[in-house]
K.L.:
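Questions regarding the structure given below will be posed in turn.
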Amino acid sequence: MRIAVVADGEGGGWLQELDEAPGPIRRVGDLAAAVREAERARPEPPRWVWSAGEDVYPDLVRAGVRVSRCHDAALTEALLLGYHARHGEASSLGAAWARLHRLPVPEDPVRPLGEGTTHSQPALFEADRSTLPPGTDRLAALVEVHSDQLRRLAELPDPGRMRLLAAVESAGGLAAAEMSHDGLPWRPDVHDEILTGLLGPRPPSGQRPPVLADLAARISEAVGREVNPDSPAQVLRAMAWVGHPVDSTRSWVLERVDHPVVPLLLRYKELSRLHSANGWTWLDTWVRRRTGPDGRTLGRFHPDYVVGGVVSGRWATRGGGALQIPRSLRGAVRADPGWVLVRADAGQLEPRVLAAVSGDDALAAAAAEEDLYARLAVHVGGDRDRAKIGMLSAMYGQTSGDAAPLLATMRRLYPRALEYVDSAARTGEGGGIVRSWLGRTSPAPTGWSAAVSGPGGERRRRAQGRFTRNFVVQATAAEWALVLLASLRQRLPDMPEGAGIVFFVHDEVVLHVPADLAGEAVRAVAEAEATTRATLFGDTPVRFPLAPVVTRNIG
DNA sequence: AGGGTTTGCCAC
DNA sequence: AAACGTGGCAAACCCT
């Protein structure tokens with residue numbers, strides 16, 4: 001059963017059941033209550049059809065309602081457009097409807113930034129970012145576009161795969177809204193302790209923390225004249241001045257220079273990065289504080305996830321840099337009193353994915369092991385690190401350094417796996433497009449003939465080849481993660497308010513649950529992995545170890 | 001002053 | 001070991 005739903009902007013909306021033919025339209029004054037009721041009415045919950053989960057669902061979540069599944073018309077439209085090499089065209093409901101009616105296609109609305117900050121105050125069901133022409137029946141337009149999308153899915157060479165992709169992409173939208181709402185447990189006091197320990201006490205805003213100020217002074221002293229270490233240009237001049245000219249101030253370049261200023265610069269860079277990217281300003285902006293039951297200050301970090309925000313299908317985030325939380329701050333992620341975190345990390349996901357999609361028996365045998373790289377090392381007859389470099393080189397297209405002889409070995413040992421990525425690379429070098437396992441499609445290069453005919457054309461071809469080479473693996477890995485997420489959230493229906501998945505980064509999920517439900521959460525993770533593997537790859541020998549760990553903190 | 005680009009580093 | 005895929009973000013830099 002599918003139910004199309006449109007919000008009225010005042011807490012109510014319209015519902016329409018979609019069986020073979022659309023049913024009667026029902027007007028409801030309390031949309032959240034109506035959705036909650038319909039979720040419970042049948043043993044099999046409905047699939048909600050809406051224009052964009054990011055418009056409707058956050059309000060439902062704020063009202064305490066969770067749904068099991070949905071069809072997100074905007075996300076589905078983007079997948080279908082991409083499949084037909086029309087990346088970048090507008091994908092909102094209004095755009096899809098306009099294309100159906102051969103009308104001018106509206107640009108996608110720009111999502112307001114910073115809903116996750118400590119300062120914003122969202123209003124209930126306020127967001128009507130409809131791009132339909134004024135006066136259009138929004139429910140009718142939604143039903144029409146949905147029906148057209150089902151038809152376009154059915155016409156694909158392998159409709160089952162893209163249907164699955166649309167379903168898990170849509171489910172990703174649900175999970176993202178839920179995670180944004182619940183937030184990652186983040187202890188401001190612990191964060192502050194870490195910062196103070198490394199940088200000294202918090203300075204007045206705009207000033208350098210004591211440790212950075214001291215390092216900057218010692219750097220100037222070691223150079224023999226005033227240097228602002230934040231300025232790459234000044235550091236370049238300083239290195240030349242002390243007799244060690246370099247052509248960039250990257251850490252790995254400086255590391256090779258033997259001069260007393262280098263360790264100071266490296267330490268400064270490291271700490272300065274922490275201060276500017278995840279210092280006290282970040283803490284004030286992105287972590288909402290509240291007082292816990294025992295009087296301790298608790299906090300939540302509310303990332304703003306962008307589902308499908310990366311061409312490969314990985315998620316992006318906006319504001320707060322949720323996907324780049326430095327390891328040094330992970331200690332600030334702490335479970336609430338009486339609760340635990342369950343952290344599950346899919347180790348070596350990409351080579352496992354390559355083993356599964358390429359059907360390479362030897363690589364699949366290695367991917368049946370807990371430590372894939374260790375087994376590779378046995379095959380290759382070298383150490384684990386070298387085997388790992390060889391594998392990563394194959395997937396990323398590295399050719400310099402040690403990579404070439406390693407790749408030759410890999411090509412001999414894992415011919416089908418290497419042919420899979422080599423073939424994708426050749427397609428890219430020729431300006432073609434490639435697809436993930438479920439059908440997510442790489443964007444075609446823009447201005448190709450001009451780009452490859454002029455100077456630097458060969459470099460451009462190689463770069464595009466590396467992109468498509470990596471795309472087939474990274475995009476499929478992102479699909480694995482989406483299926484896992486979709487499966488996992490469906491297995492956690494009876495968790496209390498605020499419990500469930502609270503963080504997701506490419507191949508890692510973190511759950512936050514009451515301590516007595518830890519076992520259930522671990523079980524759910526294990527079951528979700530089994531379902532994901534079978535759903536995507538059938539009875540492959542490849543394993544995807546998640547090794548869920550129950551902890552109080554993930555640092 | 002303000003916008004766009006460059007540099008460099010963080011994550012996976 | 002060397003600089004290879006996807007990104008976000010902040011500060012400096014460079015222009016209008």
Side-chain angles (χ1 to χ4, degrees), chain A residues 113-114 206 208 212 227-236 246-256 265-266 268-279 281-282 285-286 303-306 308-330 345-351 353-354 382-383 385-386 388-407 421 424-425 428 434 436 440 442-443 459 462-478 480-481 503-509:
Chain A
L113 187 67
R208 281 192 177 118
L212 284 179
V227 181
N228 173 11
D230 288 319
S231 163
Q234 287 191 37
V235 173
L236 276 185
V246 286
D247 42 37
S248 105
T249 64
R250 292 183 178 87
S251 299
W252 66 271
V253 172
L254 292 177
E255 269 165 21
R256 295 184 303 202
L265 277 171
L266 294 176
Y268 182 92
K269 277 167 169 286
E270 190 185 348
L271 293 178
S272 166
R273 160 83 196 183
L274 179 67
H275 176 241
S276 66
N278 296 98
T281 307
W282 182 92
T285 308
W286 292 103
D304 188 7
Y305 296 100
V306 185
V310 179
V311 287
S312 63
R314 282 181 170 183
W315 292 10
T317 61
R318 300 184 320 173
L323 304 184
Q324 321 145 238
I325 295 172
R327 299 201 153 277
S328 58
L329 283 182
R330 283 196 154 216
D345 181 348
Q348 309 162 343
L349 177 58
E350 294 193 348
V353 160
L354 177 57
D383 60 40
D385 279 352
R386 270 179 59 80
K388 180 175 175 180
I389 290 166
M391 198 68 242
L392 295 175
S393 302
M395 292 188 299
Y396 289 155
Q398 183 182 344
T399 51
S400 54
D402 267 1
L406 269 173
L407 274 176
V421 285
V434 295
S436 69
R440 193 186 303 270
S442 71
R459 244 180 38 162
R462 290 301 182 84
Q464 187 66 19
R466 286 194 299 272
F467 168 59
T468 50
R469 170 189 294 274
N470 185 250
F471 184 94
V472 293
V473 178
Q474 188 182 112
T476 304
W480 180 91
F503 195 59
F504 170 62
V505 200
H506 309 319
D507 62 358
E508 176 185 354
V509 290

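To find a chain, count down the sequence lines: A is the first, B the second, and so on, and within it residues start at 1.
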K.L.:
Report yes or no: does A:Thr249 contribute a side-chain atom to a donor-acceptor pair with the main-chain N or O of A:Leu236 at less than 3.5 Å?
P.N.:
no

K.L.:
With a 4.5 Å heavy-atom cut-off, do A:Val311 and A:Ser442 have their side chains touching?
P.N.:
no

K.L.:
To the nearest angstrom, how far is A:Leu323 atom CG from B:dC10 atom C1'?
P.N.:
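Going from A:Leu323 (CG) to B:dC10 (C1'), I get 11 Å.
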
K.L.:
Distance check: side-chain N/O of A:Lys269 vs OP1/OP2 of B:dG8, anything under 4.0 Å?
P.N.:
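So the side chain of A:Lys269 is outside the cut-off, no N or O lying under 4.0 Å from OP1 or OP2 of B:dG8.
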
K.L.:
Give, for atom CG of A:Asp345 and atom NE2 of A:His506, the distance between the pair rounded to the nearest 0.5 Å.
P.N.:
12.0 Å

K.L.:
Please answer whether the main-chain N or O of A:Ala394 pairs with a side-chain N or O of A:Arg469 as donor and acceptor at a distance below 3.5 Å.
P.N.:
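Side chain of A:Arg469 to backbone of A:Ala394, a donor-acceptor pair under 3.5 Å: yes, one is there.
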
K.L.:
For A:Thr317, which contact category applies under a 4.0 Å heavy-atom criterion: base, sugar-phosphate, or nothing?
P.N.:
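Touches sugar-phosphate only.
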
K.L.:
What integer distance in Å separates A:Arg273:CZ from B:dG8:P?
P.N.:
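To the nearest whole Å, that distance equals 13 Å.
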
K.L.:
Do A:Leu323 and A:Arg314 have side chains that approach each other closer than 4.5 Å (heavy atoms only, starting at C-beta)?
P.N.:
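Heavy-atom side-chain distance check fails, nothing below 4.5 Å.
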
K.L.:
Is the backbone of A:Val473 close enough, under 3.5 Å, to the side chain of A:Glu350 for a donor and an acceptor to pair up by distance?
P.N.:
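No, because the side chain of A:Glu350 does not come within donor-acceptor range (under 3.5 Å) of the backbone of A:Val473.
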
K.L.:
Under 4.0 Å, counting only non-hydrogen atoms across every strand here, what does A:Ala322 touch: a base, just sugar-phosphate, or nothing?
P.N.:
nothing

K.L.:
Hey, are the side chains of A:Asp507 and A:Trp480 touching, using non-hydrogen atoms and a 4.5 Å cut-off?
P.N.:
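Not touching, per the 4.5 Å side-chain cut-off.
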
K.L.:
Students often get this wrong, so: under 4.0 angstrom with heavy atoms, is A:Arg314 touching a base, only sugar-phosphate, or nothing?
P.N.:
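A:Arg314: base contact, heavy atoms under 4.0 Å.
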
K.L.:
Would you mind classifying the nucleic acid contact of A:Ser276 as base, sugar-phosphate or nothing, using non-hydrogen atoms under 4.0 angstrom?
P.N.:
sugar-phosphate

K.L.:
Should stems be defined as at least three consecutive Watson-Crick or G-U pairs with both distances under 3.5 angstrom, which of them involve DNA chain C?
P.N.:
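Listed by first number, the stems are B:1-12 with C:5-16.
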
K.L.:
Measure across A:Ala277 and A:Trp282 and return the closest heavy-atom pair with its distance rounded to 0.1 Å.
P.N.:
O-CD1, 3.4 Å

K.L.:
Between atom CG in A:Leu265 and atom C1' in B:dG8, what is the gap in whole Å?
P.N.:
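Spelled out: CG on A:Leu265 to C1' on B:dG8 is 13 Å.
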
K.L.:
For atom NZ of A:Lys269, is the number of surrounding heavy atoms from other residues, nucleotides or ligands below 6.0 Å larger than 12?
P.N.:
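Correct, the count exceeds 12.
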
K.L.:
Give the rounded distance in Å between these two atoms: CG of A:Asp230 and C1' of B:dC9.
P.N.:
13 Å

K.L.:
Could you tell me whether A:Asn228 contacts a base, only the sugar-phosphate backbone, or nothing, with contacts defined as non-hydrogen atoms closer than 4.0 Å?
P.N.:
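Since only primed, P, OP1 and OP2 atoms lie under 4.0 Å of A:Asn228, the category is sugar-phosphate.
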
K.L.:
Check the distance between B:dC12's P and A:Met395's CE and give it to me in whole angstrom.
P.N.:
15 Å

K.L.:
Rounded to whole Å, how long is the line connecting atom CG of A:Leu271 with atom C1' of B:dG8?
P.N.:
16 Å

K.L.:
Look at all strands and tell whether A:Gly309 reaches a base, only sugar-phosphate, or nothing, counting heavy atoms closer than 4.0 Å.
P.N.:
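Nothing, no heavy atom under 4.0 Å.
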
K.L.:
Using a cut-off of strictly less than 4.0 Å between a heavy atom of the residue and any atom of DNA chain C, enumerate the qualifying residues of residues 248-256 of chain A by number.
P.N.:
A:Trp252

K.L.:
Quick check: are there more than 12 heavy atoms from other residues, nucleotides or ligands sitting under 6.0 Å from CZ of A:Arg459?
P.N.:
no

K.L.:
Would you say that A:Val235 contacts A:Val246 through its side chain, given a criterion of any heavy-atom pair below 4.5 Å between the two side chains?
P.N.:
no

K.L.:
Is the closest side-chain heavy-atom distance between A:Pro303 and A:Phe504 below 4.5 Å?
P.N.:
no

K.L.:
Under 4.0 Å between any heavy atoms, over every strand shown, what does A:Gly397 touch: base, sugar-phosphate, or nothing? Just pick one.
P.N.:
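Touches nothing.
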
K.L.:
Using the ring of each side chain (for Trp, its six-membered ring), is A:Tyr305 parallel, tilted or perpendicular to A:Trp315, with breaks at 30° and 60°?
P.N.:
perpendicular

K.L.:
Using a cut-off of 4.0 Å on non-hydrogen atoms, how would the nucleic acid contact of A:Arg327 be classed: base, sugar-phosphate, or nothing?
P.N.:
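If one applies the 4.0 Å heavy-atom cut-off, A:Arg327 turns out to touch the sugar-phosphate alone, with no base involved.
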
K.L.:
Give one of base, sugar-phosphate or nothing for A:Val473, where a contact means two heavy atoms less than 4.0 Å apart.
P.N.:
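Here A:Val473 touches no strand at all.
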
K.L.:
Does anyone know the first and last nucleotide of DNA chain C in reach of chain A, 5' to 3', at under 4.0 angstrom to a heavy atom?
P.N.:
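Answer, 5' to 3': C:dA3 to C:dC13.
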
K.L.:
Can you tell me how far C1' of B:dC12 sits from CZ of A:Arg330, to the nearest Å?
P.N.:
10 Å

K.L.:
If you look at every strand shown and take non-hydrogen atoms under 4.0 Å, does A:Ile389 touch a base, only sugar-phosphate, or nothing?
P.N.:
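No contact.
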
K.L.:
What's the CD-C1' distance between A:Glu270 and B:dG8, to the nearest Å?
P.N.:
14 Å

